[in-house]
Amino acid sequence: MKNRKQILFAIYKNGNHLGNEKGDNINTVIKKYLIAALFEEFVNNEDYVSIYSGEKAIIGIHFL
């Protein structure tokens, strides 16, 4: 299995920036964020997950 470079994404909930997470795509990153935030029981709940979004993190805006 090849090591792929992971992308840093900014995670949002209802438009509010919550933090950053690395991953291959936004869906994976949101699931990783939910698990890290101790919301693992909601990972498969499509309605709950739909309030989260993300975009590629931008230096100076989402991190230094």
- Is the number of heavy atoms from other residues, nucleotides or ligands under 6.0 Å of Glu41 CD greater than 12? yes
- Query: Does a sphere of radius 6.0 Å around CD in Glu40 hold more than 12 heavy atoms from other residues, nucleotides or ligands, not counting ones at 6.0 Å or beyond?
  - Reply: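 Result for CD/Glu40: open.
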Honestly curious: do [X] and [Y] fall in one hydrophobic cluster under the side-chain, below-4.5 Å linking rule?
X: Tyr52; Y: Tyr12; value: no
X: Phe63; Y: Phe9; value: no
X: Ile58; Y: Leu8; value: no

If you compare all heavy atoms of [X] against all heavy atoms of [Y], which two are closest, and at what distance to 0.1 Å?
X: Val49; Y: Ile30; result: CG1-CG2, 3.9 Å
X: Asp24; Y: Ile7; result: O-CD1, 4.3 Å
X: Glu55; Y: Ile26; result: N-CD1, 4.2 Å
X: Ala57; Y: Asn20; result: CB-OD1, 4.3 Å

- Fit a plane to each ring of His62 and His17, take the angle between them on a 0 to 90° scale, and name the class: parallel (under 30°), tilted (30 to 60°) or perpendicular (over 60°). tilted
- Taking the side chain as C-beta and beyond, is there a heavy-atom pair between Val29 and Lys22 under 4.5 Å?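 They are not in side-chain contact.
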- Message: Holding to side chain to side chain donor-acceptor pair (under 3.5 Å), I want the full list of residues that pass it with Asn25, two or more places apart in sequence or in another chain.
- Response: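 Per chain and number, Asn25 pairs via side chain to side chain donor-acceptor pair (under 3.5 Å) with Thr28.
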- Query: To the nearest 0.5 Å, what is the distance between NZ (Lys13) and CZ (Phe39)?
  - Reply: 6.0 Å
